[in-house]
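As structure tokens, the structure follows; a few thoughts come after it.
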Amino acid sequence: MSSNAAIARRLALMAQMLDLLGEDSFRSSAHARASRAIEDWPADLHAIVRENAAGDTAKARLMEIDGIGAKMADKIIEFVRTGRIAEGDELAARVPQGLLELLRVPGLGPKTVRAMWTELGIVDVASLKAKIADGSLRSLPRMGQKAVDKIAASLDLLGEADRRLHIGPASVIAESLVGLMKSIPGVADAAYAGSLRRGRETVGDIDVLVATGDPAAARAAGEAFRTMPGVTTVLAAGESKSSVRVAVARDARWDDGQSADAAGGGQTVQVDLRIVHPDAFGAALMYFTGSKEHNVAMRQRALSMGLTLNEYGLFPEDSASTEPPQSRGVRPIAARTEQEVFAKLGLPWIPPELREGQGDVASHVAPRQIAELVDVPHIRAELHAHTTASDGVLSIIELATRAKARGFHTIAVTDHSRSSTIARGLDSGRLREHIKAIHAARQQIDGITILAGSEVDILADGSLDYDDDLLAQLDIVVASPHAALSQDPATATARLLKAIQHPATRILGHPTGRLVLRRQGLEPAMDELFAAAAEHDVAMEINAHWMRLDLRDTHARRALELGCMLAINCDVHSPGDYDNLRFGVMTARRAGAPAGRVVNTLDHDTLHKWLRREVRLSPGASEAARGGTPAVAPKTAPATAAKAAKPRVRSKKP
DNA sequence: GCCGTTTTCGGCCCGACTGTTTTCAGTCG
């Protein structure tokens with residue numbers, strides 16, 4: 001767990017314990033909000049506290065984060081210095097820790113769990129099961145047999161509900177469902193929303209929106225949704241909202257048997273369907289895309305303009321009425337498209353990837369920066385691909401043909417180096433032959449340049465896996481860590497720095513080696529890597545495979561701030577891997593990356609000059625700051641290099 | 001516990017669904 005995640009988790013637990021104790025709910029939500037703010041914060045809070053040894057400086061820096069006030073900053077500092085938060089320990093002493101597990105049961109919230117605890121002495125899953133068995137759970141207020149049955153069923157699925165799903169398989173489910181909905185007569189439109197649309201690397205559920213003004217079509221859509229293939233449970237079935245759980249297909253390449261649960265069953269994911277009128281589709285899409293923080297900020301912005309915003313549209317605010325405007329027949333000012341709602345709020349259309357509530361609604365998101373954000377059509381080259389020579393399934397020609405069909409001008413063949421024995425890495429002799437084969441393939445296909453490269457292992461000591469003479473013969477070297485991924489941070493930092501400094505290295509491939517939801521990977525000092533990469537003009541890769549997404553969004557944002565170039569590569573092993581490009585692009589967009597900072601968007605000549613080190617592209621930290629990237633700065637720039645990049649979003653206390 | 005172009009006190013987003021109720025509390029997103 002990264003250090004920010006540890007702090008975030010502690011504060012989230014405190015929020016839950018406050019709830020269970022029946023304390024002020026706003027105090028609880030303040031802790032929950034702080035937790036979310038920290039979890040997504042791009043800079044390492046431990047570093048901020050350590051680097052600002054004077055307590056007041058660290059505190060001031062922390063308080064620049066939206067949602068962190070004086071007391072929360074003190075708690076963070078205390079946690080960094082001692083590994084504990086005294087107030088959290090006191091709460092933990094008052095709350096049976098088994099109750100926290102109960103909060104994860106779908107349908108059980110703090111009020112109910114608190115009642116179970118105080119009325120019936122339930123303190124954990126076991127005692128809850130006992131009270132269900134002896135029938136005493138029914139004695140709680142508003143606790144009927146149906147509710148008891150539901151809780152009993154949920155208990156069996158405990159742990160499943162909060163398992164997150166990779167963006168790759170989630171997209172497959174969402175897109176097939178959107179297709180199904182659009183095929184229903186009378187359905188005007190359908191789209192997925194939620195964290196999937198924002199391009200988060202994992203999602204907790206899938207939200208799909210259907211637009212229709214026809215009640216019969218609405219009923220048909222709901223029915224089709226609840227009976228589609230893969231549905232294991234129907235959780236809710238209303239007129240405008242249904243929820244189901246759907247079985248997730250397993251992925252052969254990454255399936256190591258661990259994804260099945262103890263009972264041998266597969267993973268499921270919750271899918272929510274909302275049916276709205278076409279006239280309100282934009283407002284609904286906006287609402288269900290989130291994030292929660294973004295929505296709160298948007299609503300607050302609306303209120304400050306004398307308007308009120310909900311999933312039915314943007315309305316004039318009428319504080320005299322308690323009934324919502326759409327129920328009173330008030331016509332919305334804007335509702336049909338997202339664009340018009342943003343416009344009426346005086347904002348440019350903010351791409352979903354930037355709607356994380358980190359200042360995106362505040363005034364400093366410039367239309368120009370949004371326009372410059374990298375997008376899939378900008379990508380003109382794939383610089384990390386494998387063939388049958390190592391662990392790919394395509395030949396050189398097949399690889400190039402598919403790249404050309406996508407409109408790419410360059411494809412780099414980068415098979416594994418000799419130390420990656422499991423991936424059939426090439427020894428020096430095979431690599432020499434492979435280079436010849438690539439040169440021969442060039443003669444067989446027009447309209448695309450095939451580069452002879454290698455994905456060279458960064459060995460545990462930071463040296464590269466071939467000798468310098470051989471490396472010098474390659475058109476491109478992607479240097480990547482594959483083994484020794486449990487090194488301590490200091491060793492990992494030195495290792496990767498050495499690889500960046502090697503004159504042959506052009507791209508640092510999947511820099512941490514993490515696998516999403518599977519493996520933590522290396523935890524080097526990212527700022528040091530990015531500074532070195534900017535200096536040596538090495539591009540930092542965003543590996544687009546949904547299992548890797550390495551660099552992750554927050555790291556990529558930091559890399560841009562420190563003046564690095566990025567590379568977005570599919571790490572192609574099979575034909576379908578080219579389709580992962582969008583996940584890498586979304587990750588880059590979440591980092592605020594302009595197309596001009598991604599080497600894969602370069603025209604042919606510039607790219608090849610860069611590969612030959614005839615031009616330098618990395619702007620470096622000071623230039624990057626002047627360039628105003630990334631598109632959305634956090635509330636304040638998290639560390640020194642970016643401090644000059646942006647004015648503060650808004651100053652808090654003087 | 002946080003926050004401020006209504007503010008340093010008094011607010012804090014808003015609606016659907018469920019299951020339990022004859023009008024609503026709790027959960028969820």
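Note that this is a predicted model, so its numbers are computed, not measured. Throughout, a chain's letter reflects where its sequence line sits, starting with A, and its residues are numbered from 1. Because only heavy atoms are used, hydrogens play no part in the values below, and waters and symmetry mates are left out as well, while side chains stay in.
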Side-chain donor/acceptor of A/Arg226 to backbone N/O of A/Val244, under 3.5 Å: no
Atom P, compared across B/dT27 and B/dT20: separation rounded to whole Å: 14 Å
Nearest to side-chain heavy atoms of A/Arg299, which nucleotide of B/dC14, B/dA16, B/dG15: B/dC14
C1' spacing across the pair B/dT5 / B/dG1, given as an integer number of angstrom: 24 Å
Candidate nucleotides B/dA16, B/dG29, B/dG1, ranked by approach to the side chain of A/Asp207 - the nearest: B/dG29
Selection from B/dC2, B/dG29, B/dT20 that lies nearest to any side-chain heavy atom of A/Arg142: B/dT20
Phosphate OP1/OP2 of B/dG1 contacted by A/Arg27 side-chain N/O (<4.0 Å): yes
A/Asp272 CG - B/dG15 C1' separation (whole Å): 14 Å
OP1 or OP2 of B/dG1 under 4.0 Å from side-chain N/O of A/Ser28: no
N or O in side chain of A/Lys75 less than 4.0 angstrom from B/dG1 OP1/OP2: yes
Closest-nucleotide 5' rank along DNA chain B - winner of A/Val148 and A/Glu239: A/Glu239
Modelled atom types, side-chain donor and acceptor of A/Arg200 and A/Ser195, under 3.5 Å: no
Between B/dA16 and B/dC2 - P atom distance, rounded Å: 33 Å
Between B/dT8 and B/dC3 - C1' atom distance, rounded Å: 10 Å
Under 4.0 angstrom between A/Tyr312 side-chain N/O and B/dA16 OP1 or OP2: yes
Nearest-nucleotide pick for A/Val296, side chain only, options being B/dC13, B/dC2, B/dG29: B/dC13
Sugar-phosphate, base or nothing in reach of A/Ala237, heavy atoms under 4.0 Å: sugar-phosphate
Separation between the P atoms of B/dC9 and B/dC14, rounded to whole Å: 25 Å
Atom pair distance, as rounded to whole Å: NZ in A/Lys146 and P in B/dG26: 20 Å
Residue matched to B/dT8 through Watson-Crick or wobble contacts both under 3.5 angstrom: none
Interatomic distance where CZ belongs to A/Arg274 and P belongs to B/dG15 [whole Å]: 11 Å
Sugar-phosphate, base or nothing in reach of A/Gln145, heavy atoms under 4.0 Å: sugar-phosphate
Touch class at under 4.0 angstrom, heavy-atom based, for A/Pro110 against every strand present: sugar-phosphate
Short side-chain donor-acceptor distance under 3.5 Å, A/Asp272 and A/Ser243: yes
A/Thr112 side-chain N/O to B/dT27 phosphate OP1/OP2 under 4.0 Å: yes
Distance, rounded to the nearest Å, where A/Lys111 contributes NZ and B/dC28 contributes P: 12 Å
A/Asp214 versus A/Thr212, side-chain donor and acceptor atoms under 3.5 Å: no
Between P of B/dC13 and CZ of A/Phe288, the distance in whole Å: 17 Å
Per-pair stack call A/Phe26 and B/dC12, 5.5 Å, 30°: yes
Distance, P atom - from B/dT22 to B/dC28, rounded to whole angstrom: 23 Å
A/Thr308 vs B/dC14: side-chain N/O to OP1/OP2 distance below 4.0 Å: yes
A/Glu64 CD to B/dC2 P, straight-line distance once rounded to whole Å: 15 Å
Separation between CH2 of A/Trp546 and OG1 of A/Thr587, rounded to the nearest 0.5 Å: 13.5 Å
Other residues, nucleotides, ligands: >12 heavy atoms within 6.0 Å of A/Glu239 CD: no
Minimum heavy-atom distance between A/Ala335 and A/Glu340, given as atom pair plus value: N-OE2, 3.0 Å
Quiz item: A/Tyr287 side-chain donor-acceptor pair to B/dG29 base, under 3.5 Å: yes
For atom CD1 of A/Ile76 and atom P of B/dG1, their distance in whole Å: 13 Å
Pairing of A/Glu87 and A/Lys71 as salt bridge, 4.0 angstrom limit: no
Distance, P atom - from B/dC13 to B/dC17, rounded to whole angstrom: 22 Å
Short side-chain N/O contact from A/Asn310 to OP1 or OP2 of B/dG15, under 4.0 Å: yes
Pairwise 5' ranking along DNA chain B for A/Ala236 and A/Ala30, keeping only the more 5' one: A/Ala30
Selection from B/dG15, B/dC13, B/dG1 that lies nearest to any side-chain heavy atom of A/Pro325: B/dG15
Distance in angstrom units between A/Lys150 NZ and B/dT18 P, rounded: 7 Å
Proximal nucleotide (of B/dA16, B/dG1, B/dG15) relative to the A/Lys71 side chain: B/dG1
Nearest-Å distance once atom C1' is located in both B/dT6 and B/dC12: 15 Å
Proximity to the side chain of A/Lys292 - top-ranked nucleotide from B/dC17, B/dG29, B/dC13: B/dC13
